[in-house]
There are 2 protein chains.
Amino acid sequence: MRACDMDRVKGLPLFAEIAADTFRVATAGAHLQRFPAGTMLLLEGDPVDFLYVLLDGQVELHGTWNDHETVLAILRPVSTFILAAVVLDADALMSARTLERCEILMIPGDAIRTAMRLDPRFAMAVSRDLAGCYRGLVRTVKNHKLRNSVERLANYLLTLRAADNSGNVVRLHHEKRVLASLLGMTPENLSRAFSALQAVGVNVQGAVVTLSNVVALEALAKPDPLIDNHAPRGGDIVAEADAEVWSSEWNRAGGVTGPRTASAGKRND
Amino acid sequence: MRACDMDRVKGLPLFAEIAADTFRVATAGAHLQRFPAGTMLLLEGDPVDFLYVLLDGQVELHGTWNDHETVLAILRPVSTFILAAVVLDADALMSARTLERCEILMIPGDAIRTAMRLDPRFAMAVSRDLAGCYRGLVRTVKNHKLRNSVERLANYLLTLRAADNSGNVVRLHHEKRVLASLLGMTPENLSRAFSALQAVGVNVQGAVVTLSNVVALEALAKPDPLIDNHAPRGGDIVAEADAEVWSSEWNRAGGVTGPRTASAGKRND
DNA sequence: GCCTTCAATTGACTTGTATCAATTCACTGC
DNA sequence: GCAGTGAATTGATACAAGTCAATTGAAGGC
């Protein structure tokens, strides 16, 4: 593995604050692998032998039932996945598939569990990571049970805008059919939802979406910090856990005068 | 706090295998409290100062948006809740309300986080608990995105049957309007879903549901171990994490010849 | 005893979403 | 260049679920 890849892994909140020894234990049997687009990395129901760390590319997590499939999450670098199954040494509940050419670090599950037993700081980091993922799913469930498809799309666009710190032009990172499944609708309905949002100044041109009336869009979307996490991703905020902490601090500060960057909250500077 | 209550807390997987010292640290500032039915224990958005341990009664976790409310989970003793928020010292994403008279142990969040730093076994236990809750939510999302309301109800009844080890007569533990919200439908639609299930031998009499044709019900419900956890609750299986491990072992063993009790899987007896 | 209250049910209707089919569009390979 | 593939869109229609309103039913208070 290249040194710069190792640095990126060490940069993950999961591994950031652990002892050098622990890091060596955890990554001893790890190997870096490249996969073409459309590769099934893991099938739901399979035993999970590795913790996956996505270093480059995009991975989709999805679930299947009765010949139907639904996208549960889409991951972008750098992020880990199926940590929960690794911790419990349980079978996967979701399948994982590469959406593009990917570079993935695979760390044996045994090594992770051993490292947790050795280093309370690492075990703590795992807990924080899992807590972040858990809260992400709570948000997902609320989003799906409380909103209709147009509202979900509207909030998705606003979250994207906040995450990428883009102005009034956001770029969709995925194919529309994948996005539709993620948002819990059919591709046909996503198209119709986009047309419905024209009324509030949303225009789509391929993957480029222009928001010419954010005020109206927000009036329709009614974004809520307890459902939508508007933490600016990238920079200091890479893991869900960081985004959760950012969100809480933002809310406590009133959502306007709060910490402007993640570092303002994380460190006392 | 009564000694028998302390024993019940110590019996939780979260606290079962930790050092006596750690347990003392964790529970030092804890206090037992009783609440009448309908009490709001926690409002979404509030900072979370305590880990709650439900010793008696029922608690509902719900979320709100735009004047609508949805039930996200219903807890029965003995179980902990809002562990994720405690670990991250973040604000609650869900509100908690007692459905009946409850007895709840409240453990300061600081004490939990301190204990995690001191004792890797405790940190590990927290990770396992969170991993179990996370996987429970993954199941919930799949359930909601892949099934319609009748299918969700059918599977709910089958899961209840497996959990309580009841024969062909299951008892609903909650009011129907609460159940409807948990299953993601209106009370009116729950009524209709029950009538739809008459065709497969389901009859309702208040809280008592008789399943006179389980084969037909299963044919309709198509239960799936990757969505529905049929672990028999009570006995050895109290936390989500245990149920997850049970489920994996059950599947690996083929779902028929597998471990008959949780202990068969957990210990090598 | 009766009255109140609220959960549960039932029917009529509206809205939301999925499905099916046809067409357009963009990219890829030859 | 052009055909072929699959994504995206659009329209017509069917089905699922929510809403509104009225009724029934059961538990609790006086």
Side-chain angles (χ1 to χ4, degrees), chain A residues 36-38 58 60 65-71 74 97 99-101 143-156 171-199 202-209 220-221, chain B residues 36-38 58 60 65-71 74 97 99-101 143-156 171-199 202-209 220-221:
Chain A
Q58 278 191 62
E60 163 201 289
W65 181 76
N66 197 27
D67 289 329
H68 284 261
E69 185 181 304
T70 191
V71 174
I74 300 170
R97 177 198 292 142
L99 290 177
E100 348 172 307
R101 194 178 137 71
N143 190 35
H144 275 88
K145 289 182 77 176
L146 290 167
R147 290 174 173 159
N148 65 27
S149 56
V150 177
E151 290 163 341
R152 289 199 297 275
L153 175 59
N155 277 294
Y156 178 82
R171 275 189 55 84
L172 306 176
H173 306 275
H174 332 288
E175 281 183 359
K176 290 215 183 73
R177 55 186 199 83
V178 175
L179 179 59
S181 180
L182 180 68
L183 292 176
M185 48 182 134
T186 57
E188 293 95 322
N189 249 321
L190 178 62
S191 274
R192 287 187 256 269
F194 268 121
S195 356
L197 289 182
Q198 282 188 351
V202 174
N203 266 70
V204 198
Q205 205 73 257
V208 179
V209 183
L220 184 151
Chain B
Q58 279 191 63
E60 165 201 287
W65 181 76
N66 197 26
D67 289 330
H68 284 260
E69 186 180 305
T70 190
V71 174
I74 300 170
R97 178 197 291 141
L99 290 176
E100 347 172 308
R101 193 179 138 72
N143 190 36
H144 275 88
K145 288 182 77 176
L146 290 166
R147 291 175 172 157
N148 65 27
S149 57
V150 176
E151 290 164 341
R152 290 200 296 275
L153 175 60
N155 277 295
Y156 177 82
R171 275 189 56 84
L172 305 176
H173 306 275
H174 333 288
E175 281 183 2
K176 290 215 182 75
R177 56 186 199 83
V178 175
L179 178 59
S181 180
L182 180 68
L183 292 176
M185 50 183 134
T186 57
E188 294 96 321
N189 249 322
L190 178 62
S191 274
R192 282 176 206 129
F194 268 121
S195 353
L197 289 182
Q198 282 187 351
V202 173
N203 267 69
V204 199
Q205 204 74 256
V208 179
V209 183
L220 184 151

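Each chain gets a letter, A, B and so on, in the order its sequence line appears, and its residues count up from 1. What you see is a predicted model, and the numbers here were worked out from it, not measured in a lab.
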From A/R147 atom CZ to A/N155 atom CG, the distance as rounded to the nearest 0.5 Å: 3.5 Å
Measuring only between side-chain heavy atoms, which start at C-beta, is A/M185 closer than 4.5 Å to A/S149? yes
Sequence neighbours left out, what passes side-chain hydrogen bond (donor to acceptor under 3.5 Å, both in side chains) with A/N189? Give chain and number order. none
Would you check if B/V209 and B/N203 make a side-chain contact, meaning some heavy-atom pair closer than 4.5 Å? no
Does the pair B/R97/B/E69 count as a salt bridge with the N-to-O cut at 4.0 Å? yes
In degrees, rounded to 10°, what is the bend between the two ends of the helix from C/dG1-D/dC30 to C/dC30-D/dG1, using five pairs at each? 30°
Look up atom OH in B/Y156 and atom CG in B/L190, then write down how far apart they are to the nearest 0.5 Å. 10.0 Å
Got a sec? Which of residues 144-153 of chain A come in under 4.0 Å of DNA chain C, heavy atoms? A/N148, A/S149
Check this for me: does the side-chain of B/R192 come within 3.5 Å of the base of C/dG11 through a donor and an acceptor? yes
Using side-chain hydrogen bond (donor to acceptor under 3.5 Å, both in side chains) as the criterion, list what pairs up with B/E151, not counting sequence neighbours. none
Measure the spacing between OG1 of B/T70 and NZ of A/K145 and express it to the nearest 0.5 Å. 3.0 Å
Applying salt bridge (charged side-chain N to carboxylate O under 4.0 Å, His left out) to A/R177 and not counting sequence neighbours gives A/E175
Does B/K176 have any side-chain hydrogen bond (donor to acceptor under 3.5 Å, both in side chains) partners at least two apart in sequence or in another chain, and if so, which? none
Please enumerate all residues that pass salt bridge (charged side-chain N to carboxylate O under 4.0 Å, His left out) together with B/E100, with sequence neighbours excluded. none
Report, one pair per line, the protein and nucleotides 26-29 of chain C atoms (nitrogen or oxygen only) whose separation is under 3.5 Å.
none

Looking at residues at least two apart in the chain, or sitting in another chain, which of them share a salt bridge (charged side-chain N to carboxylate O under 4.0 Å, His left out) with B/R152? none
Restricting to side-chain hydrogen bond (donor to acceptor under 3.5 Å, both in side chains), what partner residues turn up for A/H173, sequence neighbours left out? A/R76, A/D164
Under a 4.0 Å heavy-atom cut-off, which of residues 178-190 of chain A touch DNA chain C? A/G184, A/M185, A/T186, A/E188, A/N189
I'd like to check B/V204 versus B/L197 (side-chain heavy atoms, cut-off strictly below 4.5 Å). Are they in contact? no
Under 4.0 Å from any heavy atom of chain A: name the first and the last nucleotide of DNA chain D that qualifies, 5' to 3'. D/dA7 to D/dA12
Apply side chain to side chain contact (heavy atoms under 4.5 Å, CB included) to the pair B/N66 and A/L146, showing each step before the final yes or no. CA-CA 8 Å; B/N66 197 26; A/L146 290 167; over 6 Å; no
